[in-house]
Amino acid sequence: MKRTPIVAGNWKMHGSRAENASLIEAIAAEFPAEPSAECVVCPPFVYLLEVSRLLRDAEVPVALGAQDVSAESQGAYTGEVSAAMLKDIGCAYVIVGHSERRSLYGEGDQLVARKFAAALARGLVPLLCVGEPLSDREAGRTQEVIARQLDAVLELCGAESFGRAVIAYEPCWAIGTGRNATPEQAEEVHRFIRGRIGERNAKIASEARILYGGSVKAGNASELFTQPDVDGGLIGGASLKADEFLAILAAARR
Ligand code: PGA
């Protein structure tokens with residue numbers, strides 16, 4: 001099964017109007033004429049519209065994603081941003097269930113599943129993050145945690161929903177730590193995720209794109225991306241440097 005890889009940049013709470021403009025300019029200047037992967041950037045909400053304009057003006061084929069979305073469709077939810085609003089301003093993707101949202105803001109599996117459903121209902125591609133804390137890995141509970149996170153979405157939305165979604169495996173202990181999973185560790189979990197979806201729908205499982213995230217940089221991207229079940233990456237820190245991000249994009253090929 002040939003799956004087009006994706007390299008997505010999660011800018012987190014970084015950037016300014018000036019910094020965003022120079023980052024996009026630097027990415028556009030060296031962007032490959034025939035990229036081997038789909039490329040996405042996920043700036044903070046307040047910059048989405050302007051970054052979308054910058055990308056369009058630079059004529060660079062990079063899709064826009066948000067970092068989070070409300071599970072509700074509209075109404076009295078102060079501070080929230082709906083899937084319809086994201087669609088309205090040109091987002092194609094939205095990250096749901098990032099480990100920072102799960103661990104720092106208490107988002108549970110059910111809420112993440114509802115966010116996933118809200119995104120799908122508005123035609124956005126949810127980028128569902130799953131990943132185990134260090135204590136669970138050390139206790140041998142990695143698969144149990146990943147299964148629980150995945151099953152919440154499978155139960156609410158069905159396996160078919162993964163035909164219109166992307167998964168990112170991001171072990172919590174690898175995020176922002178400089179300690180990436182080894183290619184073997186990543187492949188083992190990616191294979192497990194594909195298998196779990198495959199128990200319900202083999203075709204969807206073989207087509208689903210599963211990205212790796214957690215301390216990906218230019219120097220380790222290739223060895224991670226060449227694993228059979230790794231279909232690109234979700235990149236944090238290294239997505240804020242144009243040369244690193246472009247080198248990671250170049251490493252993603254099938
Ligand atoms: P990192 O973050 O690349 O800085 O480790 C990845 C992520 O949180 O998506």
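This structure is a prediction, so every number in the text was calculated from the model and none was measured. If you read the sequence from its start, that first residue is 1, and numbering goes on from there.
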To the nearest 0.5 Å, atom NZ of Lys217 lies from atom CD1 of Ile235 at 11.0 Å
4.5 Å side-chain heavy-atom contact, Val216 and Glu244: no
Ser82 and Ser73: which non-hydrogen atoms are nearest, and at how many Å? CB-O, 3.3 Å
Under 4.5 Å between any side-chain heavy atoms of Pro44 and Met13, yes or no? no
Taking Ala251's backbone N and O only, do any of them form a donor-acceptor pair with Ser222's side chain (distance below 3.5 Å, no angle check)? no
Phe192 and Leu150, any side-chain heavy atoms less than 4.5 Å apart: no
Contacts under 3.5 angstrom, residues 19-35 side chains, donor-acceptor by atom type, not counting sequence neighbours:
residue: Asn20; atom: ND2; partner: Ser16; partner atom: O; Å: 3.1
residue: Ser22; atom: OG; partner: Ala18; partner atom: O; Å: 3.0
residue: Ser22; atom: OG; partner: Glu19; partner atom: O; Å: 3.4

Joint hydrophobic cluster, Val40 plus Val96, side-chain heavy atoms closer than 4.5 Å: no
Salt bridge (Lys or Arg N to Asp or Glu O under 4.0 Å) partners of residues 65-88, not counting sequence neighbours, each pair once: Asp68-Arg101, Asp68-Lys115, Glu72-Arg114
If you draw a 6.0 Å radius around CZ in Arg148, do more than 12 non-hydrogen atoms from other residues or ligands fall strictly inside? yes
Step through the shown structure and confirm whether more than 12 heavy atoms of other residues, nucleotides or ligands are within 6.0 Å of CD on Gln74. no
Tell me, with the steps shown, if His98 and Glu170 meet side-chain contact (heavy atoms from CB on, under 4.5 Å). CA-CA 8 Å; His98 189 278; Glu170 300 204 305; 3.3 Å; yes
The test is side-chain contact (heavy atoms from CB on, under 4.5 Å); show your working for Gln149 and Val112 and say whether it passes. CA-CA 9 Å; Gln149 294 172 340; Val112 172; over 6 Å; no
State plainly whether one hydrophobic cluster holds both Leu55 and Leu48, where clusters connect Ile, Leu, Val, Met, Phe, Trp and Tyr through side-chain heavy atoms under 4.5 angstrom apart. yes
Closest non-hydrogen atoms of Arg196 and Ala147, given as atom of the first, atom of the second and distance, are CZ-CB, 3.5 Å
Apply side-chain contact (heavy atoms from CB on, under 4.5 Å) to residues Ile167 and Ile197 and explain how you reach the verdict. CA-CA 11 Å; Ile167 300 161; Ile197 299 170; 3.4 Å; yes
Is there side-chain contact between Phe162 and Arg200, with at least one heavy-atom pair below 4.5 Å? no
What closest approach, in Å, do Arg209 and Asp231 show between heavy atoms, and which atom pair accounts for it? CA-OD2, 3.4 Å
Flag yes if more than 12 heavy atoms outside Glu184 fall under 6.0 Å of its CD atom; otherwise flag no. yes
If we only count heavy atoms from C-beta on, is the Phe116 to Cys157 side-chain gap below 4.5 Å? yes
Closest heavy-atom pair, Arg191 versus Asp229, reported as atoms and distance to 0.1 Å, is CG-OD2, 3.8 Å
Looking at every heavy atom in both Ala250 and Ser36, which two are closest together, and how far apart are they? O-OG, 4.2 Å
So how far is it from Gln110 CD to Glu155 CD, rounded to the nearest 0.5 Å? 8.0 Å
I'd like to check Ser161 versus Ile204 (side-chain heavy atoms, cut-off strictly below 4.5 Å). Are they in contact? no
What residues form a ring pair (Phe, Tyr, Trp, His ring centres under 6.0 Å) with Phe245, not counting sequence neighbours? none
Student check: side-chain heavy atoms of Tyr212 and Glu187 closer than 4.5 Å: no
Under 3.5 Å, which donor-acceptor pairs do the side chains of residues 121-134 form with other protein atoms, sequence neighbours left out?
residue: Glu132; atom: OE1; partner: Tyr169; partner atom: OH; Å: 2.9
residue: Glu132; atom: OE2; partner: Arg137; partner atom: NE; Å: 2.8
residue: Glu132; atom: OE2; partner: Arg137; partner atom: NH2; Å: 3.3
residue: Glu132; atom: OE2; partner: Tyr169; partner atom: OH; Å: 3.0
residue: Glu132; atom: OE2; partner: Trp173; partner atom: NE1; Å: 2.9

Using salt bridge (Lys or Arg N to Asp or Glu O under 4.0 Å) as the criterion, list what pairs up with Lys12, not counting sequence neighbours. Glu100
So, for Ser239 and Gly9, which heavy atoms are closest and what is the spacing to 0.1 Å? CB-CA, 3.5 Å
Okay, side chain of Glu207, backbone of Gly163: is any donor-acceptor separation there less than 3.5 Å? no
Would Val41 and Tyr47 count as a side-chain contact (heavy atoms from CB on, under 4.5 Å) here? Give the steps. CA-CA 11 Å; Val41 290; Tyr47 297 130; over 6 Å; no
With Pro43 as partner, the option from Asn10, Leu54, Leu64, Leu49 fulfilling side chain to side chain contact (heavy atoms under 4.5 Å, CB included) is Leu64
Applying the 4.5 Å side-chain criterion to the ILVMFWY set and letting contacts propagate, would Ile193 and Leu154 be lumped into a single cluster? yes
Could you list the residues that satisfy side chain to side chain donor-acceptor pair (under 3.5 Å) with Arg141, not counting sequence neighbours? Asp136
Hey, quick one: are Val166 and Leu249 part of the same hydrophobic cluster, counting side-chain heavy atoms closer than 4.5 Å, chains of contacts allowed? no
Taking Ile6 as the starting point, is it possible to reach Val94 by hopping between hydrophobic residues whose side chains are less than 4.5 Å apart? no
Can you find a heavy atom in the side chain of Glu223 that is under 4.5 Å from one in the side chain of Thr182? no
Rounding to 0.5 Å, atoms CD1 (Ile248) and CG (Asp243) come to a distance of 9.5 Å
